[in-house]
Participant: 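Got a structure here, written out as C-alpha cells. Questions coming.
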Amino acid sequence: MEKKRILITGAAGFLGSHLCDRFINEGMYVIGMDNLITGDLNNIEHLRANPDFEFRHHDVTTFVDISGELDYILHFASPASPIDYLKIPIQTLKVGALGTHNLLGLAKDKKARILVASTSEVYGDPLVHPQTEEYYGNVSPVGPRGVYDEAKRFMESITMAYHRFHDLDTRIARIFNTYGPRMRLNDGRVIPAFIGQALRGEYITVFGDGSQTRSFCYVDDQIEGIYRLLMSNYNEPVNIGNPTEISIKDFAEEIVKLTGTDQKIVYKPLPKDDPQQRRPDITKAREILGWEPKVTRKDGMKRTYQYFKNLPTEELYKKEHRDFSNRNRK
Ligand code: NAD
Ligand code: UDP
C-alpha cells in the first residue's frame, strides 16, 4: 500500500520538527516546509537522510506548489514567541493570513485534510477562566500582540469558511503554552529565557509582579493531542494544553530549585497586553479525543533542562543571530 503523504509547514521549528518525527513514526511520507525565519535546520538534521522525509525551503506566504498526492496538511508555520512576532510583525500577519489561505487552497486542490495551529492567544487577556472553546476572547486588534492574535483569529475564520463553503475537511487546534527540547534558547519565551539565565548565572527576570499565570504542556503530550485531533472527525476548535496552572513568580522559584543554582529573581516591567491568567478547559479534548496530558511539569522540566544543559556552551552565549533586517520586513 502507498504511504500516506503529509505536508508539515514550520517543520524546522520546535513543534513542527516533533510533528515530522511523529508522522514518520506513524508510517507516513513527510514533506517538511520552512523558510527558517525562526526555525533551525538542526531540529531536523536527524531526518535529512530518511527516505520518508524531504525538506522544502519555502515561504508559505507565496504560492505553495506540491506535485503528486497529499493526504494531510499541518499548518504550523508562524513566529510563536512574543519577542519574535514583535520583531517581525508583518511576516506574522502574512503567514497567519496569506499562508493559511495558500494552504487551504492546496488542501482543496489535493482533497487533503488540513489542521491549522491556532493558539490560546485568540482568547487575548481572558476575562473567562479557565478558557473554554465557547469564549470569544478579549483581544486588542491594535496592541503589540494584535499581529499574532488577529492573524490566528483570521486563520480560524478562513478555515471554517473553507469548511462550510467548500466542504473542506478541516481541524483547528488551540494550542496553549507548550515547552520541551528544540525550543530556541534565545526566542524570549519564558522557559528557555529562565533556563538560559540560570545556566549563564544571570538573574532570573520576572516581568511585572509575577502574579500572571500560565499552564505549561510538555511537547510529547501536545503532539499526541494534535495527532488525535487530526485523526478525529471534529471540525470546531479544540483546546490542547495542560490545565495545571502556576504563577510566573512561583515558576521562577521552581527553576531556581530545578537548576540547583542560587539565582536571584529580579522584576522587570510587564509587557503591554501580557495576559494576566491562562488555563485551558480541556473537557472537549477529553471527551472527543480521549486525550489529556500525562507528563507532569516536574518531569517535563527535567527533560527540558537536560536538553538545554547539553547544548554547546557557545549556544548559551550566542545573542540573537537571526536576520530580522529591513529586507525581511515586507
Ligand atoms: P517556532 O518558531 O519554533 O516554529 C515556527 C516555524 O515556522 C519556524 O521554523 C519558522 O521558520 C517557520 N515559519 C515562519 N514563517 C514561515 C513562512 N512564512 N513560511 C515557512 N515557514 C515559516 O514556533 P513553535 O513553538 O514551534 O510554533 C509552531 C506553531 O504552533 C505556530 O503556528 C504557533 O503559532 C503555534 N503555537 C505554538 C505554541 C507553543 O507554545 N509552542 C502555542 C500556541 C500556538
Ligand atoms: N516572562 C517573564 N520573564 C521572561 C520572559 C517571560 O516573566 O524573561 C513572562 C511573560 O511576561 C508572560 C509569561 O512569562 O507573562 C509567559 O511568557 P512567554 O513569552 O513564554 O509566552 P506568552 O504566554 O506570554 O505568550
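Quick note: numbers below take in every heavy atom, side chains included, and nothing from hydrogens, waters or symmetry partners. As the structure lists them, so they are numbered: ligands from 1, and atoms in each ligand from 1.
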Participant: Go through ligand 1 atom by atom and flag the ones less than 4.0 Å from a non-hydrogen atom of His58.
Facilitator: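 Listed by number with element, the hits are 19 (N), 20 (C).
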Participant: I need the minimum non-hydrogen distance between Gly180 and Val219, along with the two atoms involved.
Facilitator: CA-CG1, 4.1 Å
Participant: Between Ser120, Ala117, Ala80, Ser118, which one has a non-hydrogen atom sitting closest to atom 44 (C) of ligand 1?
Facilitator: Ser118
Participant: Does any N or O atom in His75 lie less than 3.5 angstrom from one in ligand 1, N or O only?
Facilitator: no
Participant: Please identify which atoms of ligand 1 are closer than 4.0 Å to at least one heavy atom of Gly13.
Facilitator: 3 (O), 4 (O), 8 (C), 9 (O)
Participant: So among Glu156, Glu133, Glu134, which one has a salt bridge (charged side-chain N to carboxylate O under 4.0 Å, His left out) with Arg174?
Facilitator: Glu156
Participant: Under 3.5 Å between any N/O of Gly16 and any N/O of ligand 1: does that happen in this structure?
Facilitator: no
Participant: Out of Thr38, Ile37, Asp84, Asp34, who is nearest to atom 1 (P) of ligand 1 when you count heavy atoms only?
Facilitator: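 Considering heavy atoms of Thr38, Ile37, Asp84, Asp34, the nearest to atom 1 (P) of ligand 1 sits in Thr38.
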Participant: Backbone or side chain, does any N or O of Val60 fall under 3.5 Å from an N or O of ligand 1?
Facilitator: yes
Participant: Answer with side chain, backbone, both or neither: which part of Thr205 has a heavy atom less than 4.0 angstrom from an atom of ligand 2?
Facilitator: both
Participant: Could you say whether the N/O atoms of Pro79 and ligand 1 ever approach to under 3.5 Å?
Facilitator: no
Participant: Give the contacting part of Lys268 toward ligand 2: side chain, backbone, both or neither, where contact means a heavy-atom distance below 4.0 Å.
Facilitator: neither
Participant: I want to check a possible cation-pi pair here: Arg303 against Tyr218, using under 6.0 Å from ring centre and within 45° of the ring axis as the test.
Facilitator: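 Yes, a cation-pi geometry.
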Participant: With a cut-off of 4.0 Å, which atoms of ligand 2 are near a heavy atom of Ile248?
Facilitator: 7 (O), 13 (C), 14 (O)
Participant: Relative to Tyr29, does Lys3 satisfy both conditions: NZ or CZ under 6.0 angstrom from the six-membered ring centre, and within 45 degrees of the ring's axis?
Facilitator: no
Participant: Quick one: look at Leu15 and ligand 1, take heavy-atom pairs under 4.0 Å, and tell me if it's side chain, backbone, both or neither.
Facilitator: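 Near ligand 1, Leu15 shows its backbone as well as its side chain.
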Participant: Check Arg286 with Glu292, please: is the shortest side-chain N to carboxylate O separation under 4.0 Å?
Facilitator: yes
Participant: Would you check whether Asp40 has a nitrogen or oxygen atom less than 3.5 angstrom from a nitrogen or oxygen atom of ligand 1?
Facilitator: no
Participant: Please report the closest heavy-atom contact between Asp209 and Tyr267, naming both atoms and the distance.
Facilitator: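 Residues Asp209 and Tyr267, closest heavy atoms: O-CE2, 3.7 Å.
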Participant: Which of the atoms of ligand 2 are close to Arg278, meaning less than 4.0 Å from one of its heavy atoms?
Facilitator: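 Selected atoms, number and element: 22 (P), 23 (O), 25 (O).
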Participant: Going by the order shown, which atoms of ligand 2 are within less than 4.0 Å of some heavy atom of Glu121?
Facilitator: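 So the answer, numbered in order with elements, is 25 (O).
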Participant: Just jot down the ligand 2 atoms closer than 4.0 angstrom to any heavy atom of Asp274, in number order.
Facilitator: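 Those of ligand 2 that fall under 4.0 Å from Asp274 are 10 (C), 11 (O), 12 (C), 15 (O).
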Participant: Pairs of nitrogen or oxygen atoms closer than 3.5 Å, one from Val95 and one from ligand 1: do any exist?
Facilitator: no
Participant: Please work out which of Ala11, Gly32, Ser78 has its closest non-hydrogen atom nearest to atom 5 (C) of ligand 1.
Facilitator: Ser78
Participant: Would you tell me which option among Arg189, Lys152, Arg184 has the nearest heavy-atom contact to atom 41 (N) of ligand 1?
Facilitator: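 Checking each option, the heavy atom nearest atom 41 (N) of ligand 1 is found in Arg189.
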Participant: Should Phe216 and Ile282 be counted in the same cluster of Ile, Leu, Val, Met, Phe, Trp and Tyr side chains packed under 4.5 Å apart?
Facilitator: yes
Participant: Report yes or no: do Thr213 and Glu245 form a side-chain donor-acceptor pair below 3.5 Å?
Facilitator: yes
Participant: Any atoms of ligand 1 less than 4.0 Å from a non-hydrogen atom of Gly10? List them with their elements.
Facilitator: 6 (C), 7 (O), 12 (C)
Participant: Of all the atoms in ligand 2, which lie at a distance below 4.0 Å from a heavy atom belonging to Phe194?
Facilitator: 3 (N), 4 (C), 8 (O)
Participant: Is it the side chain (CB and beyond), the backbone, both or neither of Tyr148 that lies under 4.0 Å from ligand 1, heavy atoms counted?
Facilitator: side chain
Participant: Relative to ligand 2, is Arg189 under 4.0 angstrom through side chain, backbone, both or neither, heavy atoms considered?
Facilitator: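 Answer for Arg189: both.
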Participant: Checking the N or O distance criterion of under 3.5 Å, is ligand 2 in contact with Arg145?
Facilitator: yes
Participant: With heavy atoms of Ala193 as the reference, note each atom of ligand 2 found under 4.0 Å away.
Facilitator: 8 (O)
Participant: Just by distance, no angles: are the side chains of Gln197 and Thr205 close enough, under 3.5 Å, to form a donor-acceptor pair?
Facilitator: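 Gln197 vs Thr205: donor-acceptor pair found between side chains.
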Participant: Looking only at non-hydrogen atoms, which of Asn177, Val190, Asp187 approaches atom 21 (O) of ligand 2 most closely?
Facilitator: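 Considering heavy atoms of Asn177, Val190, Asp187, the nearest to atom 21 (O) of ligand 2 sits in Asn177.
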Participant: Below 4.0 angstrom, N of the basic side chain to O of the carboxylate: do Arg182 and Asp21 qualify?
Facilitator: yes
Participant: Report the nearest protein non-hydrogen atom to atom 7 (O) of ligand 2: residue, atom name, distance rounded to 0.1 Å.
Facilitator: Phe207 N, 2.7 Å
Participant: Can an N or O of Val206 be found at a distance shorter than 3.5 Å from an N or O of ligand 2?
Facilitator: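 Such a contact does not occur with ligand 2.
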Participant: Relative to ligand 1, is Leu36 under 4.0 angstrom through side chain, backbone, both or neither, heavy atoms considered?
Facilitator: backbone
Participant: For Ser211 and Gln276, does a side-chain donor sit closer than 3.5 Å to a side-chain acceptor?
Facilitator: yes
Participant: Any carboxylate oxygen within less than 4.0 angstrom of a Lys/Arg side-chain nitrogen, looking at Glu254 and Arg297?
Facilitator: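 Yes, charged N to carboxylate O under 4.0 Å.
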Participant: Of all the atoms in ligand 1, which lie at a distance below 4.0 Å from a heavy atom belonging to Gly39?
Facilitator: 8 (C), 9 (O), 10 (C), 11 (O)
Participant: May I ask you to say whether Asp274 pairs ionically with Arg214, meaning some side-chain N is under 4.0 Å from a carboxylate O?
Facilitator: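 Salt bridge: yes.
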Participant: Pro82 near ligand 2, heavy-atom distance under 4.0 Å?
Facilitator: yes
Participant: Is it true that Tyr227 and Phe23 have ring centroids separated by less than 6.0 Å?
Facilitator: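 Yes; Phe23 has its ring centre under 6.0 Å from that of Tyr227.
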Participant: Among Ile114, Leu104, Asp169, which residue satisfies the side chain to side chain contact (heavy atoms under 4.5 Å, CB included) criterion with Tyr162?
Facilitator: Leu104
Participant: What is the closest protein heavy atom to atom 23 (O) of ligand 2, and at what distance does it sit?
Facilitator: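 Protein heavy atom at minimum distance: Arg214 NE, 2.6 Å.
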Participant: Are any side-chain N or O atoms of Asp34 and backbone N or O atoms of Ala12, one a donor and one an acceptor, separated by less than 3.5 Å?
Facilitator: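 Looks like yes, one N/O pair under 3.5 Å.
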Participant: Compute the shortest N/O to N/O distance between Asn177 and ligand 1 and return yes if it is under 3.5 Å, no if not.
Facilitator: no
Participant: For residues Asn233 and Arg171, report the shortest heavy-atom separation together with the two atoms involved.
Facilitator: CA-NH2, 3.6 Å
Participant: Could you tell me which non-hydrogen atom of Ala11 sits nearest to which non-hydrogen atom of Cys20, and how far apart they are?
Facilitator: CB-SG, 3.7 Å
